[in-house]
Amino acid sequence: MTKPTWFDTRIENALLKHQSPDDEQGYFVYQLDALKNHLEQLQQQDVIKLWFAVKANPLSKIIQTLDGAGFNFDVASSGELAQVLAQGISPDRVLNTGPAKSKKQLKAFVELGVKTFVVESLNQLNWLNEVIAEQALTAQGVVESPTVLLRVQLQWPDGEKNPLGGNSLTPFGLSVQEWQNVQVNDYPNLDICGLHIFQWGNMLSNEKMYSLWGQMVEPLTSLATDIGMELKILDLGGGLGIDYLNEGKQLSWQKIITDLADIKAQSGVEELWLELGRFAVAECGYYVVPVVDRKINYDQEQLVLAAGINHIIRPAITDQPFPVMLLRNSNAPSQAFDIHGPLCTSMDKLGHLTLPDDVTVDDKLVFGYCGAYGFTESMPFFLCHQLAAEYVFQEGNLVEIRPAQPATSYLA
Ligand SMILES: *Cc1c(COP(=O)(O)O)cnc(C)c1O
């Protein structure tokens with residue numbers, strides 16, 4: 001059995017040797033040495049300023065590794081901000097996005113030293129302006145104006161070629177038409193100098209990405225002109241894809257750099273930003289879980305695992321399974337299994353995936369690309385199972401960062 005390309009064989013022995021009664025319901029491992037190398041490669045360029053979308057994986061060690069590689073941090077909640085600051089990262093390097101920023105939250109972020117905001121509504125813009133004005137009244141010295149980017153949500157008229165492939169409305173940002181009600185000069189306390197746009201996901205084609213980005217330039221630069229903004233910063237969000245389905249598609253980072261250098265020139269901005277989530281961290285993470293049962297049901301081979309969407313929900317909500325392999329050598333021919341978790345709902349399915357046909361009870365499976373949208377995206381409380389442990393693999397050692405916790409730790 002050849003090992004899949006997503007599996008880093010340097011961690012194999014550690015996974016095979018790892019025995020802990022606490023981890024018999026599944027655990028996560030993040031390969032930090034590989035992550036560090038990957039991030040360093042992403043930084044070998046001077047076209048894009050890189051931010052890490054913390055929602056992809058807020059584990060302390062992951063944030064510290066991104067910090068070490070010179071990434072800045074995109075946070076979308078008070079909890080994410082607290083976690084980033086707890087790692088000793090300066091609030092100067094934090095950007096705040098998210099559709100639910102109350103005036104109270106904006107004030108708290110400003111007081112904690114955050115100076116960069118992506119605003120997503122007229123209320124957010126007015127509230128942030130008020131917060132700074134109120135601070136100026138009470139502060140001794142001069143209050144610095146925060147850097148503000150307006151988040152734009154584009155739609156294409158019916159019948160026209162739509163680069164987004166659909167016009168579903170979201171709460172992220174505002175239409176060009178709504179932003180046109182703003183004049184930048186009316187907000188003296190804010191340095192409104194950028195636009196943010198991000199409304200695509202898991203893109204796996206360089207050509208598509210480039211075409212999409214290219215079609216944003218004209219509407220965005222026109223908007224900036226209309227509202228009296230000198231457009232200095234363009235933030236293109238995240239959405240760079242991971243080949244979860246093993247379709248042989250992969251984005252070329254080199255091509256992204258040359259394409260974005262072009263977009264930067266076309267839009268005339270000083271800075272181009274990306275907030276990477278999965279493209280930064282997905283590949284470094286693995287989820288290991290034992291097989292509890294195997295059976296045939298109406299001619300379909302089924303495996304039932306010790307945990308499923310209570311630890312990794314993404315396959316069920318996106319229809320994209322994480323790829324899987326058996327954690328031992330086997331020369332048996334492969335066949336397709338329906339892979340289920342333990343929850344009493346038909347939603348708890350991790351995919352229809354191929355494994356050696358001698359896979360059996362107590363075997364362990366390893367899922368790949370679980371470094372992003374794994375532990376914190378799941379639904380761990382349903383049916384009172386255990387919370388998964390999280391380990392890092394660093395300099396040849398498996399180190400436990402979060403121990404597994406039984407249901408008694410969270411039930412009241
Ligand atoms: C989730 C998110 C990202 C990261 O998305 P990926 O697809 O993981 O790269 C970036 N920016 C914002 C504003 C987000 O909400």
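These values consider heavy atoms only, across backbone and side chains, with no hydrogens, waters or symmetry-generated copies. Counting convention: from 1, in listed order, for ligands and their atoms alike.
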(message) Is Gly239 close enough to touch ligand 1? Criterion: a residue heavy atom under 4.0 Å from a ligand atom.
(response) yes

(request) Report yes or no: does a heavy atom of Phe279 sit under 4.0 Å from some atom of ligand 1? (result) no

(message) As an exercise, state the distance from CG of Asn246 to OG1 of Thr5, rounded to the nearest 0.5 Å.
(response) 6.0 Å

Could you tell me which atoms of ligand 1, counted from 1 in the order shown, lie closer than 4.0 angstrom to a heavy atom of [X]?
X: Ala53; value: 3 (C), 4 (C), 10 (C)
X: Arg278; value: 6 (P), 7 (O), 8 (O), 9 (O)
X: Tyr373; value: 1 (C), 4 (C), 5 (O), 6 (P), 8 (O)
X: Asp74; value: 11 (N), 12 (C), 13 (C)

(message) Applying the side-chain contact (heavy atoms from CB on, under 4.5 Å) criterion to Phe117, which one of Leu190, Thr97, Val110, Leu149 satisfies it?
(response) Val110

(message) I need the nearest protein heavy-atom contact for atom 13 (C) of ligand 1: residue, atom name and distance, please.
(response) Glu275 OE1, 3.4 Å

(request) Just say parallel, tilted or perpendicular for the rings of Tyr287 and Phe367, cut-offs at 30° and 60°. (result) tilted

(request) Kindly assign one of parallel, tilted or perpendicular to the pair Tyr286 and Trp6, based on the angle between their ring planes and the thresholds 30° and 60°. (result) tilted

(request) Specify side chain, backbone, both or neither for Phe198, according to which of its non-hydrogen atoms lie closer than 4.0 Å to ligand 1. (result) side chain

(request) Tell me, yes or no, whether the heavy-atom count around Glu144 atom CD, taken from other residues, nucleotides or ligands under 6.0 Å, exceeds 12. (result) no

(request) State, with a plain yes or no, whether a side-chain heavy atom of Arg93 is found less than 4.5 Å away from one of Asp67. (result) yes

Could you pull out all donor-acceptor pairs under 3.5 Å where a side-chain atom in residues 27-36 meets a protein atom, sequence neighbours excluded?
from: Tyr30; atom 1: OH; to: Glu390; atom 2: OE2; distance (Å): 2.5
from: Gln31; atom 1: OE1; to: Asp33; atom 2: N; distance (Å): 3.0
from: Gln31; atom 1: OE1; to: Ala34; atom 2: N; distance (Å): 3.2
from: Gln31; atom 1: NE2; to: Asp8; atom 2: OD2; distance (Å): 3.0
from: Asp33; atom 1: OD1; to: Glu395; atom 2: N; distance (Å): 3.4
from: Asp33; atom 1: OD2; to: Glu395; atom 2: N; distance (Å): 2.8

(request) Decide whether an N or O pair under 3.5 Å exists between Ala56 and ligand 1. (result) no

(request) Only heavy atoms count here, so choose which of Met203, Lys55, Arg151 is nearest to atom 14 (C) of ligand 1. (result) Lys55

